[in-house]
Each structure stands twice: as structure tokens, then as C-alpha cells.
Amino acid sequence: MIIGLIMMLQKKFEYPVEDGNIDFIYKIHKYIRGGLPDYHGANTLGGFNYEVDPEHSKWINVNGFAQDVSGISCLQPMNKDEVMAICSHEHGHFTFAGGHLTYGKNVYGLGAELFYSPYEMIASNYMYPRIANFGETNYLGDFSSRNNQSGEIIKIPISDNECFLLSNRRKVSDYDRLMLGDTAIINPNNNWDYGKGLYIYHVFDSIQVPMGPYSTPQDMECADGLFQWDTNGRAAVDLNCWTGQPDWYVYKKSHVIYSNDPSGLTSQSLIGDGLSLWYFTGYNYLNYPLGLPKMHDYGKNSHNNCLFGTDRIFTNDKELYSKFDRDGDRYDAWNVGYNEIFSPFSSPSTCDKSNAYTGIFIYYNSLNINTNEAAIDIYKSTDETSLNNILELTPPSRPMGLTVDTCFAGGVDEYAIKLEWNHNKEPDMLRISDEDVKKRYNVFRSVSVNENSIPPDTFFYPENKYVLIKTVDIDTSITPFFLDTINNIKSICVYLPDVSCPPICYNKVNIRYRVQAVDIYDDVSRLSDFVQTPGFRVDSTGGTPEDNGIGEMPRGGKFLHSDIPKEYDLAQNYPNPFNPVTKINYAIPKSGFVTLKIYDITGREIKTLVNELKQPGYYTIDFNGSELSSGVYFCRIVSGSFVSVKRMILIK
Amino acid sequence: MKSVKILILSLLVLIPLKINSQNSLYDKCCLSNYSNSPLVINSPFDGLYKPNRTDTLYGSPLPYDASFRILIIFVQFKDDISTSSWPNDNDTSGPTYKDSLISNLKNFNNNWWDAYDSHTEPISDYWLELSRGRFHITGSVYSVVLDSNASYYASLIEWERMKIINEHIWIKLNQLYSITWPDYDNWSYNDATKKI
């Protein structure tokens with residue numbers, strides 16, 4: 001009987017039934033003045049009850065229980081979009097959540113996110129998730145697509161009360177385009193591609209309605225990784241844009257985290273994996289930086305630093321972040337060609353809220369751009385055998401924590417550019433021999449034309465812009481590192497010899513690096529985030545080099561683990577310039593007589609390095625110029641009808 | 001008899017608490033599997049303090065023309081600065097986008113994503129898109145310029161200030177417009193906590 005009574009009382013709304021209260025008013029004040037409260041929205045009209053229609057006994061109610069309140073206040077919207085954002089947020093407090101939650105429409109920030117998150121969609125009975133099929137490719141349409149009333153959400157159970165929710169946000173609906181951070185709001189000519197991708201939400205404690213006033217039910221697992229953030233003092237603020245304070249706190253990533261988000265979400269400091277919201281950040285999302293939106297500092301560039309957002313294509317991942325960079329950016333979505341692996345070994349990882357292993361793998365392996373349908377392989381390992389099978393089917397996660405030391409003291413030269421990164425965690429990265437255990441990585445490089453330009457780069461598939469310069473096998477007992485002594489690139493700190501330009505020119509350039517993990521099945525990861533450093537490109541012209549600013553790049557890495565070459569090749573020697581020893585790689589696809597000789601700039605033969613019959617394969621030979629003077633030399637290979645020449649620079 | 005009274009009183013106290021704590025899981029996160037069922041009938045959540053759907057309530061279909069009808073009221077103080085997007089031409093002008101916010105009538109287009117115009121009826125369009133076709137919001141838009149400057153209201157004691165501002169708004173609305181107020185009282189909230 002009690003249950004029946006409760007069920008009856010749960011029918012709380014009735015239509016059409018007059019109750020004497022005006023249902024709902026959006027009261028929109030032009031300005032915050034006249035003693036109006038200094039905020040931009042409130043879930044009340046304020047004041048006292050007022051009988052607005054005595055004849056019909058109709059009241060504007062403001063003092064009753066929430067269900068009796070006749071409306072909301074929206075203050076000082078700058079345009080129609082802000083009316084939408086502020087008022088829909090306040091209205092949401094009546095339809096969904098009295099309080100604020102994380103990563104959704106009813107976050108703090110008055111509508112910075114206009115669309116509901118999957119959590120809110122499910123809780124509101126607007127969408128009905130599908131349970132993931134483990135061990136299969138799961139197809140997921142656009143989150144705001146018009147397919148049917150069920151919507152598009154995949155739920156991956158972790159336990160009775162904990163799960164991941166996947167939404168593939170291709171932003172078919174205009175209302176799904178505004179999101180936190182700069183996921184979709186940076187470019188005034190926005191084509192709305194920013195922020196598109198697969199969003200992975202981690203729901204900790206079931207989906208509940210209504211939310212409490214300080215509810216933090218979900219985290220976002222961000223594709224650009226999970227970091228421990230440390231404060232790093234304050235940085236100047238452009239007062240033309242950011243009035244009120246001359247500087248602002250900045251932050252740095254101190255280390256990569258491979259477990260669950262340790263920061264502890266709170267309602268006012270929502271420090272998630274990457275995308276979250278600081279109190280009062282977001283309401284003014286359309287070019288109106290009155291509150292505390294994103295700012296840019298320490299070399300960060302955007303299209304206009306008076307706008308929101310940081311375009312990290314133009315910035316160095318090692319640089320400091322404003323708190324708003326920390327709060328989120330467009331790289332939080334998972335995308336094919338950017339970051340495709342969310343696993344127990346990635347950062348962030350699929351471990352549960354207690355940091356326990358879940359065995360869940362998510363491999364976002366393709367997107368049909370015509371239908372917006374994502375193909376997502378979802379696995380769950382239950383034992384060692386299934387884990388090994390899954391690892392064989394999935395590539396490694398992309399390496400994390402890449403840093404660059406511009407002036408590392410050591411190496412071939414007095415100073416060298418040194419990279420360091422974190423070892424990948426996947427068990428199938430281990431290459432075990434009798435002597436040691438190593439993991440394999442590819443090192444990629446991209447070089448700018450000059451010091452005032454940025455190296456060729458791209459958000460998706462950067463490997464198409466970068467050049468593979470080396471494959472390295474690194475012992476698991478040490479931190480992975482790489483000293484770039486390859487070809488014609490040098491640290492900005494090297495001693496500049498007394499040479500004239502031409503023929504020997506030290507050109508200041510910007511250099512970017514990314515690394516790639518290679519597992520034992522030769523599956524490769526997506527490239528890591530980049531690091532950037534200034535450096536010298538040494539050549540004989542001092543002008544704009546060919547081939548994207550880097551001339552012909554060495555491909556030393558290719559020689560390490562390929563089989564029979566498909567074509568003849570003479571690679572650029574490295575290092576180059578050199579002093580006095582350099583390596584020369586060449587490839588022979590079929591048996592034949594090979595000569596490889598060195599000539600000076602006058603064409604005089606200096607030395608014969610190879611003059612014999614060679615079997616198909618890759619070869620490396622050292623050339624020692626200790627008895628020669630500084631200058632330009634040529635390396636010439638002949639095998640059958642194949643002839644190739646490379647120019648080398650000896651600097652003593 | 002005394003124990004019966006206590007039981008009844010206990011029920012009266014506990015039942016509202018139970019209702020307000022419906023937060024305790026109607027969808028245990030990882031257990032429910034709605035598959036692709038088009039609708040969940042008898043949903044225990046049809047809105048928190050106001051309804052969030054106009055198609056059905058508790059499994060029963062609502063009238064064909066059901067909508068959540070709201071009033072949108074733009075308010076200026078007498079001396080608010082005129083802007084290009086919100087001029088002070090007269091009492092009823094309001095912002096330039098005043099008449100391109102919400103649909104006055106419910107639209108019955110079967111394709112809910114095309115039911116309202118996102119440029120001229122964005123509030124109606126937004127809620128219908130968000131709810132995937134379940135929640136129609138319609139309404140009317142009015143604008144008032146109050147007779148006093150902002151400084152007058154700022155000079156009022158704080159507890160009285162919003163009361164006076166709002167009273168002036170409601171009075172001005174009735175002076176300027178013939179609003180049929182009963183048109184905006186269509187929903188009632190019916191449970192033990194209800195006050196009016």
C-alpha cells in the first residue's frame with residue numbers, strides 16, 4: 001500500500017491542470033545594475049509573490065518550494081546566444097538538476113556546454129544507451145544524430161554502479177558545438193571541426209536524479225592524457241583583454257599519470273583529466289571575456305589572444321599552462337589519427353575509481369566520414385590468454401611525457417638535443433633476449449624553414465608531416481631517451497665554428513619531435529604529443545632548403561629492422577656536417593657489384609669505401625675524414641645502372 | 001489510537017523524503033539495458049521541479065497540443081544605455097532579436113529536428129532537440145522599460161529592492177499588454193510537499 005501511495009505521488013506533474021501559479025518566466029535584465037545581484041543567472045525571479053491577475057487568481061510565485069517557483073532570472077546577456085546559454089542553464093535547474101554536476105549542461109558556468117552530456121541524456125530519459133558488446137566492433141553514430149529517439153550512447157559496464165559512457169560527437173546539432181575549454185570555440189571562423197571526436201565519460205556512482213547541490217558524478221577520460229599539475233607562479237596577462245588582474249597563475253605538467261584521475265573532482269574546481277571547468281569560467285563563450293576565460297601565456301599563440309582557447313599546434317607541450325589551459329582543450333576528444341587507444345596501460349587508463357584493473361580496452365579504429373559512424377573495438381581481458389590476444393589485436397597507446405633538453409651536455413658534440421619520454425606500459429612492448437629486455441620506439445622530426453616559422457605539423461596523422469629519423473630499442477631499466485645527432489641538425493648551444501656562409505651555414509630553425517611506440521607485432525602507436533626546441537640546420541646555402549625546410553632527411557631507422565629492400569637507396573650521411581666520422585647507409589635490392597667512393601668538391605677521388613659484390617640488404621659504413629680539411633665532399637654509389645650522390649660537409 | 005497517529009505522522013514525514021530522494025538510483029549505471037527501445041514507459045523521472053517532456057506523463061499520452069508555455073520578459077531600467085542590439089526606442093522594443101527566440105505555437109512536424117527554426121525559434125528548437133522530440137516549449141516575448149532609473153532601485157534597502165523591481169515589471173506588463181495570464185498556468189505539481 002505504501003509503495004502504491006509513493007507511486008501515485010510520483011505522478012507529480014499534471015496537465016492541463018491550473019494551480020494558480022504562472023508556470024515559468026524567463027526574466028531577462030539588460031544590465032547588472034540598480035542593485036541587482038552580481039551574477040548572470042539565478043533559478044528564481046526574486047522578490048515576493050505577486051498576484052498578477054486577480055480576476056483569475058494567477059500568481060507569480062517566487063517564495064514557495066522549487067516546484068512552485070514561476071521562473072528564472074537571466075542578467076546582462078550580450079546577445080541571443082547568451083540568452084540561450086544563461087536561461088537554458090537556469091531552466092535546467094528545474095528540469096534536471098537543482099545543483100551543478102561535472103562535464104555537462106548543468107555545470108557551473110551558465111551554459112558553456114549547451115548540450116546535455118550522455119549522463120544527463122540518460123538521466124532525463126532522452127537517450128537510452130546500448131551495452132557494449134565485448135570482443136566485437138561496436139558502431140556508434142553521432143551523439144546528436146537524428147536516427148531515432150533512442151540516441152547514441154554506448155555503456156561499458158565496470159561494476160554495478162560504475163561504467164564508461166561513450167558518445168561520438170560529430171556535432172550534427174548546432175547545440176552540441178559549444179563545449180568547455182576551447183574544444184569548439186576558439187576560431188571566429190569556426191568550422192566546428194574542433195572538439196569533434198569520441199568522448200569517454202567515467203561515471204563513478206550510478207546515474208542519479210536529481211543531482212545534489214555539489215554533485216560530481218562523472219569524470220572525462222581525455223585523449224591528451226592525464227597529468228599531475230603543479231603550480232608554477234604567475235604570468236602576465238594582457239590587460240587589453242583581461243581586465244582586473246595583472247597576472248595569473250600558471251601551471252605545468254609535472255608527470256604523467258597512468259591510473260585513475262587522482263585530483264578529486266569538486267564542484268568549484270573541476271580538475272579532471274584535462275577538460276573541466278573552473279568556477280565562473282564559461283558563460284561568456286562568444287568573444288566576450290568579461291569573466292575569467294582562457295588566457296595565453298609563455299609562448300602560447302592563438303588566432304587572437306583576446307579570445308578563448310589555445311591552439312597547441314602552435315605551442316610547445318612543455319610550456320606552462322594557464323589554469324584555463326589546464327581546465328580543458330580541444331584535444332580531449334579521442335580521434336582516429338590522434339589517439340585511438342584507451343586501455344589499462346594508457347594514460348589515462350581504464351582502471352576503476354579505486355585504481356583497480358578493469359581489463360577494458362577501447363580501440364577507436366575508424367570513422368565513416370559519410371555516415372559519422374565510429375567503429376570502436378571494445379575488449380575485456382579476463383585472464384592472461386585473453387589479454388595477450390587483445391594486445392595482439394590492438395596497437396600500443398601513444399607514448400607520453402615527451403620532453404626535450406635543448407642543450408644537453410654530452411653526445412657527439414659538446415651539446416646535443418636530447419629527448420626523454422615515458423616507457424609504454426603494454427606487456428607486448430617487451431622485446432626479451434638473453435641479454436636484456438627492451439622496448440622499441442620510432443623517433444620523428446619536423447624542421448621549420450627558419451626561426452620565425454613553425455615546423456610542418458598537423459593535428460591528425462602528424463606522421464604524414466614528420467620524418468622518421470631513427471628507430472631505437474631502449475632497455476626497460478632506463479628512462480627512454482634519444483640524442484639527435486642525425487644529419488644536419490645541431491643544438492642551439494653548440495660552438496659556432498669560424499666558417500663562412502656559404503659554403504657552411506648555421507641556420508636557426510625550430511625543430512619538433514614526436515615518438516612512436518612499436519610493439520612486438522610491429523604494430524605502431526599514434527605519435528606522441530610534440531616537443532619543440534630551437535636548433536641549427538647546417539647546410540651550404542643559408543637559404544630556404546628544399547623539401548619542407550629540411551632538405552633530404554636520413555632514414556636511418558628504416559635500416560634497423562626491415563628485410564630485403566625494394567629499391568636501391570643511398571641515404572644522407574649522418575651526422576652531417578660531421579667531424580670527423582660519419583655513417584653512410586645504403587640499400588641494395590639485388591645481388592651485384594657495388595662501388596661507393598668519396599670525392600672532393602673538385603671531383604677528385606678521395607677514398608673508396610666499397611668495391612665488391614654485395615648481397616641484397618641494408619648496409620652501413622663509417623667514413624673517417626680526420627685526414628681531410630674542412631669542406632664539401634661527395635659520396636657516390638654505383639651498382640648496375642643505379643647511381644646516386646650525396647653531399648657531405650666536414651667541419652673541423 | 002496514539003500509535004496509529006504516530007504511524008500516520010511518520011508516513012507524512014517520510015513520504016516526501018522518499019520522493020525527494022528518488023535520486024537513489026532509478027538507473028543503476030551498469031545494469032540497465034534499454035537496448036534500442038524507443039521509449040521508456042512509466043519513467044520515474046519526468047522532470048525535477050518542472051516537467052521535461054510534453055509527449056507523455058507516467059506512460060499516458062498527453063493531449064496533442066500539450067506544450068510547456070513560458071513568458072519571456074526583457075527588462076530595462078529607464079536609464080540603461082542603448083545599444084545597437086538592444087535599443088531604448090520605446091517601452092516595447094526590446095532587443096533586436098526579441099521576436100526571434102521562441103515559437104508561439106506548437107509545431108507538429110514529425111521530424112523533431114526540423115520542427116522549429118534554429119534561427120527564429122531557438123529556445124523551442126533547443127529543448128526539442130535536446131529531448132529528441134519529447135519536450136515542446138512555446139511562449140511569448142514581451143519587453144518593458146521601467147519608469148525609474150537604476151539608481152532609484154539601488155538606493156532601496158536590499159530586502160525590498162527585488163520586490164519593488166519585480167512589482168514594477170509586473171505592473172508595467174499589465175499596463176502595456178493584454179496578457180492572458182491563464183494561458184501560462186497549465187501545469188501543476190501534485191505531491192505532499194505542494195504549497196499552493
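Fair warning: this is a prediction, and the values are worked out from it, not measured in the lab.
Heavy atoms of W127(B) lying under 4.5 Å from chain A belong exclusively to its side chain. Neither the backbone nor the side chain of Y152(B) comes within contact range of chain A; no heavy atom of the residue lies under 4.5 Å from a heavy atom of that chain. Only the backbone of S144(A) comes within contact range of chain B, with at least one heavy atom under 4.5 Å from a heavy atom of that chain. With a 4.5 Å cut-off on non-hydrogen atoms, Y142(B) does not touch chain A at all. Of the atoms belonging to S118(B), heavy atoms from both backbone and side chain fall under 4.5 Å from chain A. Looking at V69(A), the atoms closer than 4.5 Å to chain B (heavy atoms on both sides) all sit in the backbone: N, CA, C or O. For chain A, the nearby part of I165(B) is the side chain; its heavy atoms alone come within less than 4.5 Å. Contact annotation for F77(B): only side-chain heavy atoms (C-beta onward) come within less than 4.5 Å of a heavy atom of chain A. P51(B) touches chain A through backbone and side chain together, each having a heavy atom under 4.5 Å away. Residue S145(A) touches chain B through both its backbone and its side chain, counting heavy-atom pairs closer than 4.5 Å. Proximity to chain B involves both the backbone and the side chain of L45(A), based on heavy atoms less than 4.5 angstrom apart. No part of T96(B) comes within reach of chain A, as not one of its non-hydrogen atoms sits under 4.5 angstrom from that chain. T54(B) does not touch chain A: none of its heavy atoms, backbone or side chain, sits under 4.5 Å away. There is no contact between L156(B) and chain A, counting heavy-atom distances below 4.5 Å. In this structure, the portions of D79(B) lying under 4.5 Å from any heavy atom of chain A include both its backbone and its side chain. With a 4.5 angstrom heavy-atom cutoff, N166(B) touches chain A only via side-chain atoms. Proximity to chain A is limited to the side chain of I137(B), based on heavy atoms less than 4.5 angstrom apart. Proximity to chain B (any heavy atom under 4.5 Å) is restricted, for H56(A), to the side chain, taken from C-beta onward. For chain B, the nearby part of Y50(A) is the side chain; its heavy atoms alone come within less than 4.5 Å.
Salt-bridge check for K58(A) with D183(B): failed, with every basic side-chain N at 4.0 Å or more from each acidic carboxylate O.
If you tally non-hydrogen atom pairs under 4.5 Å between each of W187(B), Y153(B), Y184(B) and chain A, the highest count goes to W187(B). Contact count against chain B (heavy-atom pairs under 4.5 Å) is highest for V52(A) among V172(A), I25(A), I60(A), V52(A). Of all the listed residues (E55(A), H93(A), R33(A), K27(A)), the one sharing the greatest number of non-hydrogen pairs under 4.5 Å with chain B is R33(A). The residue among S85(B), P63(B), G139(B) with the most heavy atom pairs within less than 4.5 Å of chain A is P63(B).
Note that OH of Y15(A) and OG of S67(B) are 5.5 Å apart. Values are rounded to the nearest 0.5 Å. Residue R132(B) holds its CZ atom at 4.0 Å from CE of M127(A), rounded to the nearest 0.5 Å. To the nearest 0.5 Å, the span separating NZ on K80(A) from CD1 on I123(B) amounts to 9.5 Å. For the atom pair CG of D80(B) and NZ of K30(A), the computed distance is 6.0 Å after rounding to the nearest 0.5 Å. Taking CD1 of I28(A) as the reference point, atom CZ of F74(B) lies at 4.0 Å (rounded to 0.5 Å). Rounding to the nearest 0.5 Å places CG of N52(B) at 9.0 Å from NE2 of H91(A).
Remark: side-chain polar atoms of D185(B) are not paired, donor with acceptor, to backbone N or O of I22(A) under 3.5 angstrom.
Ring orientation note: the planes of F24(A) and F68(B) are tilted relative to one another, at an angle of 30° to 60°.
Inter-residue side-chain proximity for N125(A) and R53(B) is flagged as met; some heavy-atom pair is nearer than 4.5 Å. Within the 4.5 Å cutoff, no side-chain heavy atoms of H119(B) are placed close to those of D174(A). Looking at heavy atoms from C-beta onward, N111(B) lies out of side-chain contact with R146(A) at the 4.5 angstrom threshold. Looking only at side-chain heavy atoms (C-beta outward), S188(B) and E18(A) stay at 4.5 Å or farther from each other. By the 4.5 Å heavy-atom criterion applied to side chains, Y126(B) and M84(A) are counted as neighbours. Between I81(B) and Y31(A), some side-chain heavy-atom pair lies under the 4.5 Å cut-off. Between I70(B) and Y26(A), the closest side-chain pair of non-hydrogen atoms falls below 4.5 Å. At a threshold of 4.5 Å between non-hydrogen side-chain atoms, the residues Y58(B) and K12(A) count as touching.
Closest heavy-atom contact between R161(B) and G35(A): NH1-O, 2.9 Å. The nearest pair of heavy atoms linking M162(B) to L36(A) is CE-CD2, 3.5 Å. In terms of heavy atoms, F13(A) sits closest to K50(B) at CZ-C, 3.3 Å. Across every non-hydrogen atom of F115(A) and L130(B), the tightest pair is CD1-CD1, 3.7 Å. Nearest heavy-atom pair, N186(B) versus D23(A), reported as atom, atom and distance to 0.1 Å: N-OD2, 2.7 Å.
Heavy atoms of other residues, nucleotides or ligands lying less than 6.0 angstrom from CD of E158(B) number 12 at most.
Residues D125(B) and Y175(A) bring a donor and an acceptor atom of their side chains to less than 3.5 Å of each other.
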